[in-house]
Amino acid sequence: MLKINNLKVNINDKQILKGINLEVKAGEVHAIMGPNGSGKSTLASALAGREYVSVTDGSIEYLGKDLLDMNPEVRALEGIFLGFQYPVEIPGVSMVNFMRTAINEQRKYKNLEALSAAEFLKLMHEKKSVVGIDSNLTKRSVNEGFSGGEKKKNEIFQMALLEPRLAILDETDSGLDIDALRIVANGVNLLKSPETASIIITHYQRLLDYIVPDFVHVLYKGRIVKSGGKELALELEEKGYEWITEEITAE
Amino acid sequence: MTEQDKILNDVTQGEYKYGFHTDIETETIPKGLNEEVVRIISAKKNEPEWLLEFRLKAFRNWQKMKMPTWPHLTIPEIDYQDIIYYAAPKQNAKYTSLDEVDPELIDTFNKLGIPLEEQKSLAGVAVDAVIDSVSVKTTFSETLAEMGIIFCSFSEAVKNHPDLVKKYLGSVVPSTDNYFAALNSAVFSDGSFCFIPKGVRCPMELSTYFRINAANTGQFERTLLVADDNSYVSYLEGCTAPQRDENQLHAAVVELVAMENAELKYSTVQNWYPGNKDGLGGIYNFVTKRGIAKGDNSKISWTQVETGSAVTWKYPSCILKGDNSTGEFFSVAVTNNHQQADTGSKMMHIGKNTKSLIISKGISAGKSQNSYRGLVKVLKGAEKARNFSQCDSLLLGDKCGAHTFPYIETDNSTAIVEHEATTSKIGEDQIFYCNQRGITTETAIGMIINGYAKEVLNKLPMEFAVEAQKLLQISLEGSVG
């Protein structure tokens, strides 16, 4: 589904990613871990197509197409969803209006008819109960005045509505209590199918108690320095990142 | 050039949709302004002597006045002798039946989305259609007359209800009030008149649609609305003009009178031709709008969506004379390309327990300048007067300007006056968030702008809120900062 090949990325002329190689197949869940400042969020931004992230080398192939050729909305319409680490507030724009616009843009892209207001509200209601979010949330403006936990749950709710092929969750677990963490994990697990894949970016192993990854990668100073199965996450939890960084330095 | 700058450049040139010109036979008088011209206008309209006197007095005053220089506007000198002060579609006897109206005119208003056929019009909206200097058709006049409501063109009102006109004309905006009010008082051509009798709640939205068509002419309309005791009316005004390279002058006066317990809502969707993207052409819009909440417990509410005109100079105001009277001002002013706006409100608290609310949302894009100017004045006797003002500015791009000039004068220590102001930019983060959900930048900006202006748009009559939303989107298509 996704092939990242020798990806090098600059932000403000500073090299942040120094040659990332990663392949994600349909049906897989990948966890990307690593200490702060290692480039995890930059990788997510590069995949979603943020303008300030400039790709200097390498390639990204998504469903057989060149991802770097697509602008951000096309990537989204092609099924890439980014769960933001810091979801922005959009005052005055209701969640209903926002998500209905998003869903109908997607339907237009697939040559489907737009959903009527009634159809959309029905869909929204269904997904609300799947994700288990407070129904008042959808009546408010996008993320406005939401608590940290509500913002993250709202990301998962949007993901459930949009049903992406590839979900990238950027530290969605940070700052969440156990209940919120369960909701987030539940959302990801529900999305899981042989046709979809997820990339879970996280600093802590905690989330991986609820979402079992097929692969765990450790990102450090702009490179993937170690990859393994789910047991790698546990090892990191036990030993901390120093273990890996020391190992790297020793080499 | 970044992607966003490109979009900014491309689409801030959102096309003006009403720039067409209708080819109709027009009767005009020669260019220029002098006493003779004032007399000609009055004669053309078969006006009574007192009205001619009103005009002449205003004209003589105007000659002694100077164009105000305090607004934050750069305007080339206007040659008042180079303007035609009266233009009317020929055979202009007011049409009583639609069959008599020139099909070209009907077609013009159809194109503007203002059908003159009553059965085709928006449900519950009565329209007075004014083209250049005259009113061509007022719909639903008969229906409204059954309830005692007078809704007609200004000229008809002068003819049929001279006492009412004489009583209220110039009672809120004296002909000596300011330069443009004086000019208007001297040469005003037509406009709308409305009188709601005691205890009547007007069952439909009343509206006037102003269209400038002829070249080199100025439009000077006069609107007078009176709501007698315990009555209610909601009124809407819309306007457009053809696309021309020269600037055209528009100087209107609107006077509102609300008697005891009456409520008057006045909404404007102003979409005069704004000039092209290089600042060529466009309407100079100098308007004096003022209402007096004369009776106790009366209420006047102004809502305006200002997207057009090259220059806008306009401060819809309320004189809160009655005890417990209320004044409100809700405004969205959009400037793009080279447009300039200096707009806001004045609230004069005279009566006890008077309340006023000002919500102003400025949106500036391109190389435009957008200023809020407001005065809240509390007079000595205005015990416990209360005002709240909120002025927000939103900037798109880095070549435009937003300015706020709030003035507060209070002579009563029991008054509470509050002013809040914010300035923000549409964030790249917000746009990207929308993009990431598959929403294009265009749509995202429309959504964010409408969200920002929602508080004001919600105040518009429902039939027009949707139109206003679209208008905002068109005016600002793609201007990202």
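Protein chains get the first letters and strands the later ones, always in sequence-line order, with residue 1 at the start of each. Just so you know, these numbers come straight off a predicted model, no measurement behind them.
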Original post:
Any residues in residues 157-171 of chain A near chain B, with a heavy-atom distance under 4.5 Å, and which are they?
Top reply: Q158(A), L162(A)
Original post:
How far does CG of N97(A) sit from CG of N450(B), to the nearest 0.5 angstrom?
Top reply: 8.5 Å
Original post:
Can you tell me how far CZ of R50(A) sits from CG of N435(B), rounded to the nearest 0.5 angstrom?
Top reply: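 Nearest 0.5 Å value for the CG-CZ distance: 9.0 Å.
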Subject >> R437(B) NZ/CZ over F98(A) ring centroid, <6.0 Å and within 45° of normal >> reply: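 No, a cation-pi geometry is absent between R437(B) and F98(A).
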Please flag which part of [X] lies under 4.5 Å from any non-hydrogen atom of chain B: side chain, backbone, both or neither.
{"X": "I103(A)", "result": "neither"}
{"X": "N104(A)", "result": "neither"}
{"X": "R75(A)", "result": "neither"}

Subject >> Region of Y433(B) in contact with chain A, defined by heavy-atom distances below 4.5 Å >> reply: both
**OP:** With a 4.5 Å cut-off on heavy-atom pairs, point out which of L82(A), T101(A), V74(A), V93(A) contacts chain B the most.
**Re:**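 Counting heavy-atom pairs under 4.5 Å, the top option is L82(A).
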**OP:** Between chain B and each of S94(A), P87(A), A102(A), G49(A), count heavy-atom pairs under 4.5 Å; write down the option with the most.
**Re:**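 So the answer, after comparing S94(A), P87(A), A102(A), G49(A), is A102(A).
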Subject >> Closest heavy-atom pair and its distance - I90(A), Q430(B) >> reply: CA-NE2, 4.0 Å
Original post:
Nearest heavy-atom pair of E428(B) and E51(A): which atoms, and what distance?
Top reply: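 Distance-wise, the nearest heavy atoms are OE1-OE1, 4.5 Å.
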Original post:
Are any side-chain N or O atoms of E73(A) and backbone N or O atoms of Q436(B), one a donor and one an acceptor, separated by less than 3.5 Å?
Top reply: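 Checked: no pair found.
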Original post:
Quick one: do the D429(B) and Y86(A) side chains pair a donor with an acceptor below 3.5 Å?
Top reply: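 Not at all, the side chains of D429(B) and Y86(A) share no donor-acceptor pair under 3.5 Å.
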Residue [X] excluded, over 12 heavy atoms near [atom1] under 6.0 Å:
{"X": "N12(A)", "atom1": "CG", "result": "no"}
{"X": "K3(A)", "atom1": "NZ", "result": "no"}
{"X": "K367(B)", "atom1": "NZ", "result": "no"}

**OP:** Take F432(B) and Y52(A) through the side chain to side chain contact (heavy atoms under 4.5 Å, CB included) test and state the conclusion after the steps.
**Re:** CA-CA 11 Å; F432(B) 183 74; Y52(A) 65 74; over 6 Å; no
Subject >> Residue, of A444(B), G438(B), C434(B), that accumulates the most heavy atom pairs under 4.5 Å with chain A >> reply: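 Going by pairs under 4.5 Å, I would pick G438(B).
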Subject >> With Y266(B) via ring pair (Phe, Tyr, Trp, His ring centres under 6.0 Å) - residues at least two apart >> reply: Y235(B), W302(B)
Original post:
With a 4.5 Å heavy-atom cut-off, do Y452(B) and P91(A) have their side chains touching?
Top reply: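 Answer no - side chains too far apart.
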